[in-house]
Amino acid sequence: MYTCVHVSFKPGFIVPNKLVIAVYLPSIYSSNKGTSGKTHQTIQVSKFWADQQLNLDENQEDPEKNEHTDGPVVQPVDKNTIQSNQEEFEPDVSDNTQTDPLKIVHLDLKGAAPKVTYLKEIFPLLASLGANGILLEYEDMFPYEGELAILKSSFAYSPEDIEEIKSLAKQHKLELIPLVQVFGHMEFVLKHKKYFKLREVETFPNSLNPLAPESMELVQDMLTQVMKKHREARWFHIGADEVRGLGESEDSKRWLETNNGDMGRLFLNHVTAVGKFMTKLKRGIKLILWDDMFRKLSSNSIKESGLQDLASPMIWDYTQDLNVKEIGDYISKYEETGFQGVWFASAFKGASGIDQIWTPINHHLNNHLQWQKVITSMPQYKSVRFQGIALTGWQRYEHHTVLCELLPVAIPSLAVCLQTLKYGSFDAKAQSEVQRILGCEIQLSNNECKGVSFPGSDVYQMVKKISDSLESSVRKIMKSYHFRGSFSSYHRKHNFANPRNLAFFKDELKKLMDEWDSFLITFQQVMDAIFYPDTLEEWLEENVNEHIERLNQMVVDVERIIQLNGQPKAVSLVN
């Protein structure tokens, strides 16, 4: 059985290193510079979904698959482009008969993309845990060239990096599946002014206008460049989930007026055109799409599009109380439609809170236990085959949102989920295997892996310390008797305090500052070994800086006020 882990990398703002260092170096601190419960949201997806709203867990709202609603019109395929690509991509993809379903690990590169040196450590670990594939969601980490060069991050992988990733995957017998969004979740493309005109909704960068004259040309160029770097790929994922705002552009409105308001056909026209382009670009390639946009389409609508002959749907659900019967209804529908295969998508991280920093293992274990029930039920479907399951690891819910859990933080969760799929449950044998491979003790009740020694375990341990102790350690000292009584914001504002009272907590305050100083310098080093500078800068800004700056300012203030020897407060005159 193959297991795929989806990893997506998405870089944020690029900040000069000195700004990052300024957050935590002791020299800066001493300067005078002041410095899972379950949430449901109802998403209304245009008129196409008006009759049925989607009740989604917060993790599902954006983890790259949620609101497939609008579909584009078939664009004419550029025969010259196809011809040239056919010549370049020969010979055809080998038709190695797949006997067992794949277990794919999804790497979401739209945030905190790991360096290749870390992937070199992780790939053999994934293989040992039972994965046999990688779903690589490139986003802006792909080294686009020519007119598309604007799309790539400053830290995008180089062509040489991609060759090394492919080599590592092959070495560890991991099927490598590229993922490129072609409709919804194109924020990383449509955020650029150059492509504003291709937005379905003028003010939002979410979805592509399928009828804009240059839209298909853009998609074809992106797919061609990625396919050139993955000539040996047997599978290719074209996304097509959560097409927000479909039908709202003037182009789409005019088309709908003359086509009986058929929003489903608008969606199917575009993805079918993309599918036809891909199969001509690379004969034998097998396509995958997220399934959420199909869920409210009739079987006849899908049949008429011919999409069932081009691609397989990937049914996704990341909740821990996944409805097995509902998933079964989707499978039956896709079987009736004529799809020859279906994929499933679970989640091992990035699906339990939009700003989650510590992975809830039990949440993801329960999700996989439910998916295991679905997998066990597959023999009842006679004409549709279970192709595999992708264990998604969302790094952001979308391009413009904050980072979710870092990959090293989620390794214990991933290990538990993979072994659960291998053994059918997380029994004693599965737990023993996880602990043997990771070199730690899984404690589900405490949601942690004690005594970790896997690649990236230093980041795992240090993120836990920050999550558990940083804010609480600052608040603890602020709640002490003398701090509350003699060092309030009013005292600090007016430089008014008794040095004797401040002396009761001054040394403890400075000691705490020194401890976090030293800790964060080490944290920078371990993060630098795995991630690019933009990840460190963003993670510190979101999870560390506020507390460190507060602590730093308190140290500066206490030293300043002690030097005043208890003089009268500074009074500001108010007219």
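Predicted model, so just to flag it, every value in this text is computed and none were measured.
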Handout entry: Distance (rounded to the nearest 0.5 Å) between L135 CG and L391 CG
Key = 10.5 Å

Exercise for the section: Say whether, by atom type as modelled, one donor and one acceptor occur between the side chain of H172 and the main chain of A127 under 3.5 angstrom. Expected result: no

Problem - K120 vs T117 side-chain heavy atoms within contact, under 4.5 Å - result: no

Exercise for the section: Output yes when a side-chain donor or acceptor of T535 lies under 3.5 Å from a complementary backbone atom of F531, and no otherwise. Expected result: no

Exercise for the section: Check whether the side chains of T337 and Q308 place a donor and an acceptor atom closer than 3.5 Å, and report yes or no. Expected result: no

Exercise for the section: Report yes or no: does K282 contribute a side-chain atom to a donor-acceptor pair with the main-chain N or O of R231 at less than 3.5 Å? Expected result: yes

Problem - K152 charged N/C atom sitting above F142 aromatic ring, 6.0 Å / 45° - result: no

Handout entry: CD/Q431: more than 12 non-hydrogen atoms of other groups inside 6.0 Å
Key = yes

Exercise for the section: State, with a plain yes or no, whether a side-chain heavy atom of P412 is found less than 4.5 Å away from one of V434. Expected result: no

Problem - salt bridge (charged side-chain N to carboxylate O under 4.0 Å, His left out) evaluation trace for E538 with R396 - result: CA-CA 13 Å; E538 181 180 353; R396 301 186 196 276; 2.8 Å; yes

Handout entry: Stepwise ring pair (Phe, Tyr, Trp, His ring centres under 6.0 Å) test for F344 and F386
Key = CA-CA 8 Å; F344 302 145; F386 169 44; 4.8 Å; yes

Problem - Stepwise side chain to side chain donor-acceptor pair (under 3.5 Å) test for D291 and Y334 - result: CA-CA 10 Å; D291 87 303; Y334 301 147; 2.8 Å; yes

Problem - Any donor-acceptor pair under 3.5 Å from K276 side chain to L307 backbone - result: no

Exercise for the section: Test V452 against I411 for side chain to side chain contact (heavy atoms under 4.5 Å, CB included), laying out the working first. Expected result: CA-CA 10 Å; V452 291; I411 293 298; over 6 Å; no

Exercise for the section: Examine Y138 together with H230 and report whether their ring centres are nearer than 6.0 Å. Expected result: yes

Handout entry: Results of ring-ring contact (aromatic ring centres under 6.0 Å, His included) for F123 - residues two or more places apart only
Key = none

Handout entry: Nearest-0.5 Å distance that lies between atom NE2 in H399 and atom CG in D140
Key = 5.5 Å

Handout entry: Residues S346 and H368: side-chain donor-acceptor under 3.5 angstrom
Key = yes

Problem - Inter-residue atom distance L223.CG - K228.NZ, 0.5 Å rounding - result: 12.5 Å

Handout entry: Q419 side chain to E433 backbone, donor-acceptor under 3.5 Å
Key = no

Practice task
Check the pair F519, I466 against side chain to side chain contact (heavy atoms under 4.5 Å, CB included), reporting the backbone distance first and the verdict last.
Solution key: CA-CA 10 Å; F519 179 88; I466 291 171; 3.6 Å; yes

Practice task
Report the distance from atom CD of Q320 to atom CG of L369, rounding to the nearest 0.5 Å.
Solution key: 10.5 Å

Handout entry: Side-chain donor-acceptor pair present, T224, Q220, cut-off under 3.5 Å
Key = no

Practice task
Please answer whether the main-chain N or O of F294 pairs with a side-chain N or O of K333 as donor and acceptor at a distance below 3.5 Å.
Solution key: yes

Exercise for the section: For residues A311 and L289, report the shortest heavy-atom separation together with the two atoms involved. Expected result: CB-CD1, 2.9 Å

Handout entry: Distance, nearest 0.5 Å, that separates CG of N206 from CZ of R244
Key = 6.0 Å

Problem - Step-by-step side chain to side chain donor-acceptor pair (under 3.5 Å) determination, K373 to Q370 - result: CA-CA 5 Å; K373 294 178 182 177; Q370 292 298 97; 3.0 Å; yes

Exercise for the section: Answer with yes or no whether the side chains of N446 and Q443 bring together a donor and an acceptor at under 3.5 Å. Expected result: yes

Fill in the blank from the handout: For M278 and I285, the nearest pair of non-hydrogen atoms, with its separation, is O-CG2, 3.6 Å

Practice task
Go through S352 and E405 one step at a time and tell me if the side chain to side chain contact (heavy atoms under 4.5 Å, CB included) criterion holds.
Solution key: CA-CA 10 Å; S352 59; E405 311 99 296; 4.2 Å; yes

Practice task
Taking T420 for its side chain and V416 for its backbone only, find out whether a donor-acceptor pair lies under 3.5 Å.
Solution key: yes

Completion exercise
Correct closest heavy-atom pair for A240 and V271 would be CB-CG1, 3.7 Å

Practice task
Considering non-hydrogen atoms only, spot the tightest contact between I302 and S305 and give its length.
Solution key: O-OG, 2.6 Å

Enumerate donor-acceptor pairs with a distance under 3.5 Å from any side-chain N or O in residues 161-168 to protein atoms, sequence neighbours excluded.
residue, atom, partner, partner atom, Å
D161, OD2, S158, N, 2.9
D161, OD2, S158, OG, 3.2
E163, OE2, K166, NZ, 3.2
K166, NZ, K229, O, 2.7
K166, NZ, E232, OE1, 3.4

Problem - M378 side chain reached by V342 side chain, heavy atoms, under 4.5 Å - result: yes

Fill in the blank from the handout: G350 and C404 have their tightest heavy-atom pair at CA-CB, 3.9 Å

Enumerate, atom names and distances included, each donor-acceptor pair closer than 3.5 Å involving a side-chain atom of residues 457-464, sequence neighbours excluded.
residue, atom, partner, partner atom, Å
S457, OG, F454, O, 3.0
Y460, OH, C449, N, 2.8
K464, NZ, D468, OD2, 2.9

Problem - Backbone of I361 reached by a side-chain donor or acceptor of N447 within 3.5 Å - result: yes

Exercise for the section: Would you check if C440 and K450 make a side-chain contact, meaning some heavy-atom pair closer than 4.5 Å? Expected result: no

Handout entry: Backbone of W394 reached by a side-chain donor or acceptor of K349 within 3.5 Å
Key = yes

Practice task
Output yes when D329 and K325 qualify as a salt bridge under the 4.0 Å nitrogen-oxygen rule, no when they do not.
Solution key: yes

Problem - Interatomic spacing from CG in L287 to OG in S312 - rounded to 0.5 Å - result: 8.5 Å

Handout entry: For the student: nearest non-hydrogen atoms of L438 and A415, plus distance
Key = CD1-CB, 3.7 Å

Problem - Pair K286-Q387, side-chain donor/acceptor within less than 3.5 Å - result: no

Problem - Main-chain N/O of L322 paired with N367 side-chain donor or acceptor, under 3.5 Å - result: no

